[in-house]
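Below: one structure, written as structure tokens.
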There are 2 protein chains.
Amino acid sequence: MKLNNTSQYAIRILAYIADHKEKTLFSATELSNELSIPYKFLTKIMTELVKADFIESIRGREGGFKLKKDASEIKVDDILNIFNDSIKDEECILGIGFCNGMCKCALHDQWMEPKLLMQRMFRESSLRDIAGKGCKI
Amino acid sequence: MKLNNTSQYAIRILAYIADHKEKTLFSATELSNELSIPYKFLTKIMTELVKADFIESIRGREGGFKLKKDASEIKVDDILNIFNDSIKDEECILGIGFCNGMCKCALHDQWMEPKLLMQRMFRESSLRDIAGKGCKI
DNA sequence: TTTTAATTCTACCTTTAAGTAGTAATTAAA
DNA sequence: TTTAATTACTACTTAAAGGTAGAATTAAAA
């Protein structure tokens with residue numbers, strides 16, 4: 001019962017960048033070192049964040065990465081969505097075909113409340129909310 | 001953000017068995033058919049459930065499986081524990097080293113409430129509670 | 001005693017997530 | 001204009017989850 005590694009890394013990367021408002025550009029090397037994320041894996045994730053338009057990249061010498069949107073406009077759930085890791089409404093905790101009013105799984109009712117809480121947490125927490133709130137590694 | 005397939009299958013298998021009190025023995029073939037779980041994968045899971053002492057197996061012709069404990073004594077969390085899939089107290093949603101009072105991750109505080117709810121749901125739901133509450137597949 | 005229907009065991013195969021390697025492209029500084 | 005520092009791209013490797021195959025074992029029924 002966990003987020004996948006890629007999602008975890010992506011959230012930590014973006015939160016780190018959002019946290020350091022004094023800096024304008026972050027290199028992959030810095031992010032990799034500061035956040036203890038394997039360099040090559042990090043650059044792979046950065047490319048996806050660029051494609052998803054959350055991050056702008058400056059190529060070439062003295063280049064780097066920076067946020068493309070305001071930190072308050074990026075929700076944790078938006079990040080999870082890039083990696084297909086957010087909690088879908090129709091998702092069933094026991095993995096049965098259709099889990100809803102007509103045919104629900106054995107844990108459907110108990111799962112409802114924690115599921116909604118988690119969805120709210122992801123949908124309402126922006127990078128601004130979580131930046132600087134925690135340790136890096 | 002989901003339970004692994006094996007955990008889902010195991011919960012559904014045990015809930016099914018707990019639900020049919022009129023029957024005393026369940027063959028792998030029946031369970032596989034009724035729950036739409038691949039036969040060979042199911043037997044693998046059954047073996048683990050037997051080793052974990054939740055299920056008793058009767059070998060040979062006319063054999064099968066049955067619950068070894070009372071349904072009220074088996075919690076969903078006990079099942080998840082077999083497959084290392086329960087939510088540990090120290091588990092961090094962003095996967096950082098030690099996520100506690102001293103050094104917590106950026107989502108630590110928001111994660112607290114849904115995490116405790118889920119832990120309670122798993123720890124307090126017994127097979128008896130969930131048996132017969134849902135569709136099979 | 002043989003057959004048959006069942007579980008168990010060992011080993012393998014497939015798919016996906018996670019991570020690595022090497023090189024090309026880009027750009028500012030020297 | 002060359003060099004160094006940077007991101008981007010393509011392809012590969014490794015590890016884990018998910019799933020399959022086949023033979024061995026067991027024990028009731030015929």
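Letters go in sequence order (proteins before strands), and every chain restarts at 1.
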Of the candidate nucleotides D:dA8, D:dA28, C:dT7, which contains the atom at the shortest distance from the side chain of B:Glu62?
D:dA28

Counting side-chain heavy atoms from CB outward, which of D:dG19, C:dA18, C:dC9 is closest to B:Phe41?
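Among D:dG19, C:dA18, C:dC9, the one nearest the side chain of B:Phe41 is D:dG19.
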
Interatomic spacing from CG in A:Leu107 to CZ in B:Arg12 - rounded to 0.5 Å:
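Rounded to the nearest 0.5 Å, the CG-CZ separation comes out at 11.5 Å.
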
Is [X] near enough to [N] that one of its side-chain N or O atoms lies under 4.0 angstrom from OP1 or OP2?
{"X": "B:Asn5", "N": "D:dG19", "answer": "yes"}
{"X": "A:Thr29", "N": "D:dA5", "answer": "no"}
{"X": "B:Thr47", "N": "C:dT7", "answer": "no"}

With B:Cys99 via disulfide (SG to SG under 2.5 Å) - residues at least two apart:
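Not a single residue meets the disulfide (SG to SG under 2.5 Å) criterion with B:Cys99.
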
Over how many whole Å does the gap from [X] atom [atom1] to [N] atom [atom2] extend?
{"X": "A:Lys66", "N": "D:dT6", "atom1": "NZ", "atom2": "C1'", "value": "15 Å"}
{"X": "B:Leu25", "N": "D:dA28", "atom1": "CG", "atom2": "P", "value": "12 Å"}
{"X": "B:Ile45", "N": "D:dT20", "atom1": "CD1", "atom2": "C1'", "value": "13 Å"}
{"X": "B:Ile58", "N": "C:dT7", "atom1": "CD1", "atom2": "P", "value": "10 Å"}
{"X": "A:Glu30", "N": "D:dA5", "atom1": "CD", "atom2": "C1'", "value": "15 Å"}
{"X": "A:Leu31", "N": "D:dT6", "atom1": "CG", "atom2": "P", "value": "12 Å"}
{"X": "A:Asn33", "N": "D:dT6", "atom1": "CG", "atom2": "C1'", "value": "15 Å"}
{"X": "B:Asp85", "N": "D:dA17", "atom1": "CG", "atom2": "C1'", "value": "11 Å"}

Heavy atoms only, 4.0 Å cut-off, all strands: where does B:Thr6 land among base, sugar-phosphate and nothing?
sugar-phosphate

Describe the nucleic acid contact of A:Tyr39 in one word from base, sugar-phosphate, nothing, applying a heavy-atom distance below 4.0 Å.
base

Could you pick out which residue, B:Tyr9 or A:Ala28, lies toward the 5' side of DNA chain D when each is mapped onto its nearest nucleotide?
A:Ala28

Given the structure, check if the side chain of [X] and the base of [N] hold any donor-acceptor pair shorter than 3.5 Å.
{"X": "B:Lys40", "N": "D:dG22", "answer": "yes"}
{"X": "B:Arg59", "N": "D:dT25", "answer": "yes"}
{"X": "B:Lys44", "N": "D:dG18", "answer": "no"}

Position toward the 5' end of DNA chain C (nearest nucleotide), A:Lys2 or A:Arg61:
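That would be A:Lys2.
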
Under the disulfide bond (SG atoms under 2.5 Å apart) criterion, do B:Cys135 and A:Cys105 qualify, and how do the steps go?
CA-CA 5 Å; B:Cys135 301; A:Cys105 81; over 6 Å; no

So which residues get pulled into B:Leu116's cluster when ILVMFWY side chains under 4.5 Å apart are joined, directly or through others?
none

Could you check whether atom NZ of A:Lys69 has more than 12 heavy atoms from other residues, nucleotides or ligands sitting under 6.0 Å from it?
yes

For B:Glu73, is the CD atom crowded, meaning more than 12 foreign heavy atoms sit under 6.0 Å from it?
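Above 12, so yes.
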
What does C:dA30 pair with, Watson-Crick or G-U, if both distances are under 3.5 Å?
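By the stated definition (distances under 3.5 Å), D:dT1 pairs with C:dA30.
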
